[in-house]
Protein chains: 2
Amino acid sequence: MANTRYSTALHILVLLSANREAHHTSASIAEQLGTNPVVIRRLVSDLAKAGLVSARRGAGGGVSLGADPAETSLGQIADILEYDLTFDAHDLPVREGRSHLPGAILSAIEAQRRELHTASVVELDRVTLQDLTHAATVRAGLAELVGQGMSNADIRNGYRIENGRLIPRDDR
Amino acid sequence: MANTRYSTALHILVLLSANREAHHTSASIAEQLGTNPVVIRRLVSDLAKAGLVSARRGAGGGVSLGADPAETSLGQIADILEYDLTFDAHDLPVREGRSHLPGAILSAIEAQRRELHTASVVELDRVTLQDLTHAATVRAGLAELVGQGMSNADIRNGYRIENGRLIPRDDR
DNA sequence: TGAAATGTAACAGTTTTGGTTACTTTTAGC
DNA sequence: GCTAAAAGTAACCAAAACTGTTACATTTCA
C-alpha cells in the first residue's frame, strides 16, 4: 500500500488555507476526503505538534490553520511528518565474509539516498502552502466555469487570474 | 514493504562496474546480495532491455555491463525502471458533488508531485554510475584498512585517493 | 546430448498502510 | 453539574504491494 500521509496532509492544509472562515472538524474533513476521521486526527495531531494547525477539543472545537501559509513551505511539512523523499534502500544479510565491497556499495547507495532526500526538501522548500492553495483555487475556478458549459478558449479570453481567483475581463 | 528495486539495481550495476573482469551470474550476484536469483534476473532483464547490461543465456552465460559507467546517470536508471521518485498521492472517492475544490486540490498536489519527480531525476542525472562506483570502492578500501587495525587518522595521513583506489603516500 | 544459464509465470509470506471500532479526555453551553 | 460535541489514542482488521520461492521453458556451449 502506498504511503499517502504527506499527500493527505497537504490536502488538509490546503483545505484549511483555502477556506479559513468555515468551521472544520476531523469529521467534516474526512467526509470531503472520503476517509475516516481518525486518519485525519492522526495527521492533524502531528501537524499540531509543530504548530502548523491548531486542534481544539470539546464542543465547538475543531481544526484550524495555525501558521501563515505564505511562511510555510512544503519542505517543512515533509520534515514535520518525517516523510522520506527518496528511494527505498535494500539491505544485506549480516555476514562475516572477507570482502568489504557489498557493504561499501550499500553504504555509497545510502549516501546517495540521503543526498536525494535533501535535494528534494530543498526543491519543496521553494513552494509555500500559499502557492499550492493558489494553484488549487485557480483550478477550482476553472472547473466551475467548465461545469457551466464554458470552453477553455472562452475562459482564457474572458478572465484573468488574480490572487488565485478568476476575475472577469471587463477592460475590453 | 519497501520498494527496493531501484536500490538493488544500483547495487547490481556498481558490482558489475567495480569488477568488470569477473564472471557474474544471477546466482553469484544473488548470493552477494542475500536474495534469490530470480529477483536479480527480473531486474537484469529490465536493465538489459535498455542496453545497460547484457545477459547471455546458456552455459557460460551470465551478466555483464553493457554501457559505459561514465555515460550512465542514476537518473537514466530510474527512468529505465520507471521508478517513482516522489511522494505517493492519495485519491478521492468519485462523487458528483457540487464543489470542485477537493478535486482541484488533488490536481494541484499531483502537479507538484510530477514537478518533484522531475527535479529528482535532474538531481540524479548529475551522478554517473562511475561516480557511485568510485564512492563504493573508496569505502571498500577504507573498510579494508580499518579491518587491518588501522585508525581513520592513520588512513588519512598515509593514503591518498586516486581513481577510486587508495594509493599509499610515498611522497613524504 | 547434457549441463548451465536466463526468462517468466504463478504463488506464498511478510510487511506496511489505511480503515475501523472503542474508549478516554476535554470543552462549551444549557 | 449535565450533556453533547469534539479530539486523542490504542488496538485490531483488511487490503495491497513487494520480495522470495518454486517450477518449468528456452537458449547456448562444449
Side-chain angles (χ1 to χ4, degrees), chain A residues 1-12 16 22-66 81-84 87-93 106, chain B residues 1-12 16 22-66 81-84 87-93 106:
Chain A
M1 194 182 292
N3 181 347
T4 57
R5 277 170 50 85
Y6 181 61
S7 180
T8 305
L10 289 183
H11 199 131
I12 295 170
L16 296 176
H23 182 230
H24 300 281
T25 66
S26 65
S28 73
I29 297 170
E31 205 277 328
Q32 293 182 66
L33 281 170
T35 183
N36 193 288
V38 173
V39 174
I40 305 299
R41 280 184 228 145
R42 287 199 277 238
L43 280 170
V44 163
S45 172
D46 286 348
L47 297 172
K49 280 170 196 155
L52 235 58
V53 298
S54 145
R56 292 188 320 282
R57 289 179 162 197
V63 181
S64 55
L65 215 55
L81 298 179
E82 298 178 27
Y83 191 84
D84 237 4
F87 54 87
D88 298 319
H90 63 289
D91 50 11
L92 291 176
L106 183 56
Chain B
M1 195 179 290
N3 182 347
T4 57
R5 276 170 52 85
Y6 181 62
S7 180
T8 305
L10 289 184
H11 199 132
I12 295 170
L16 297 175
H23 183 230
H24 300 280
T25 66
S26 63
S28 72
I29 297 171
E31 203 277 329
Q32 295 182 65
L33 281 171
T35 183
N36 193 288
V38 174
V39 173
I40 305 299
R41 277 182 230 145
R42 285 198 279 239
L43 280 169
V44 163
S45 171
D46 286 349
L47 296 171
K49 279 170 195 154
L52 235 57
V53 298
S54 144
R56 293 188 319 282
R57 289 179 161 195
V63 181
S64 55
L65 215 54
L81 299 179
E82 299 179 25
Y83 191 83
D84 236 5
F87 55 87
D88 298 320
H90 63 289
D91 53 9
L92 291 176
L106 183 57

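Each chain gets a letter, A, B and so on, in the order the sequences are listed, and its residues count up from 1.
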Next item on the list: Could you identify which residues of residues 39-54 of chain A place a heavy atom less than 4.0 Å from some atom of DNA chain D, listed by residue number, or say none?
Entry: A/Arg41, A/Arg42, A/Ser45
Notebook entry, point to check: Taking DNA chain D as the partner, which of residues 25-36 of chain A come within under 4.0 angstrom of it by heavy atom?
Noted result: A/Thr25, A/Ser26
Between [atom2] of [N] and [atom1] of [X], the distance in whole Å:
X	N	atom1	atom2	answer
B/His24	C/dA5	NE2	P	13 Å
B/Leu92	C/dG19	CG	P	12 Å
A/Arg56	C/dT25	CZ	C1'	16 Å
A/Leu81	C/dG18	CG	C1'	15 Å
A/Arg57	D/dA6	CZ	C1'	9 Å
A/His11	C/dG18	NE2	P	16 Å
B/His90	C/dG18	NE2	C1'	13 Å
B/His23	D/dC29	NE2	P	12 Å

Margin query: Which label fits B/Tyr83 and B/Tyr6: parallel for a plane angle under 30°, tilted from 30 to 60°, or perpendicular past 60°?
Written below: parallel
Does [Y] offer a backbone N or O that forms a donor-acceptor pair with the side chain of [X] under 3.5 Å?
X	Y	value
B/Ser7	A/His90	yes
B/His23	B/Gly61	yes
B/Ser28	B/His24	no

Note to self: If I take atom CG from residue B/Leu81 and atom CG from residue B/Leu10, how far apart are they, to the nearest 0.5 angstrom?
What the structure shows: 8.5 Å
Next item on the list: Please round to the nearest 0.5 Å and tell me the distance separating atom OG1 of B/Thr8 and atom CG of A/Asp88.
Entry: 10.0 Å
Note to self: Any base atoms under 4.0 Å from B/Gly61, or only sugar-phosphate, or nothing? Heavy atoms, all strands.
What the structure shows: sugar-phosphate
Next item on the list: Over all heavy atoms of both residues, which pair between A/Ser64 and A/Leu16 is shortest? Give the atoms and the distance, please.
Entry: C-CD1, 4.2 Å
Could you pull out every donor-acceptor pair under 3.5 Å between side chains of residues 29-49 of chain A and any protein atom, sequence neighbours left out?
| from | atom 1 | to | atom 2 | distance (Å) |
| --- | --- | --- | --- | --- |
| A/Asn36 | OD1 | A/Val38 | N | 3.0 |
| A/Arg41 | NE | A/Ser26 | OG | 3.2 |
| A/Asp46 | OD2 | A/Arg5 | NH2 | 2.9 |

Check: Does A/Ala2 or A/Val38 map to a spot on DNA chain C nearer the 5' end, using the closest nucleotide for each?
Finding: A/Ala2
Next item on the list: Output yes when at least one side-chain N/O atom of B/Asn3 is less than 4.0 Å from OP1 or OP2 of D/dT19, else no.
Entry: yes
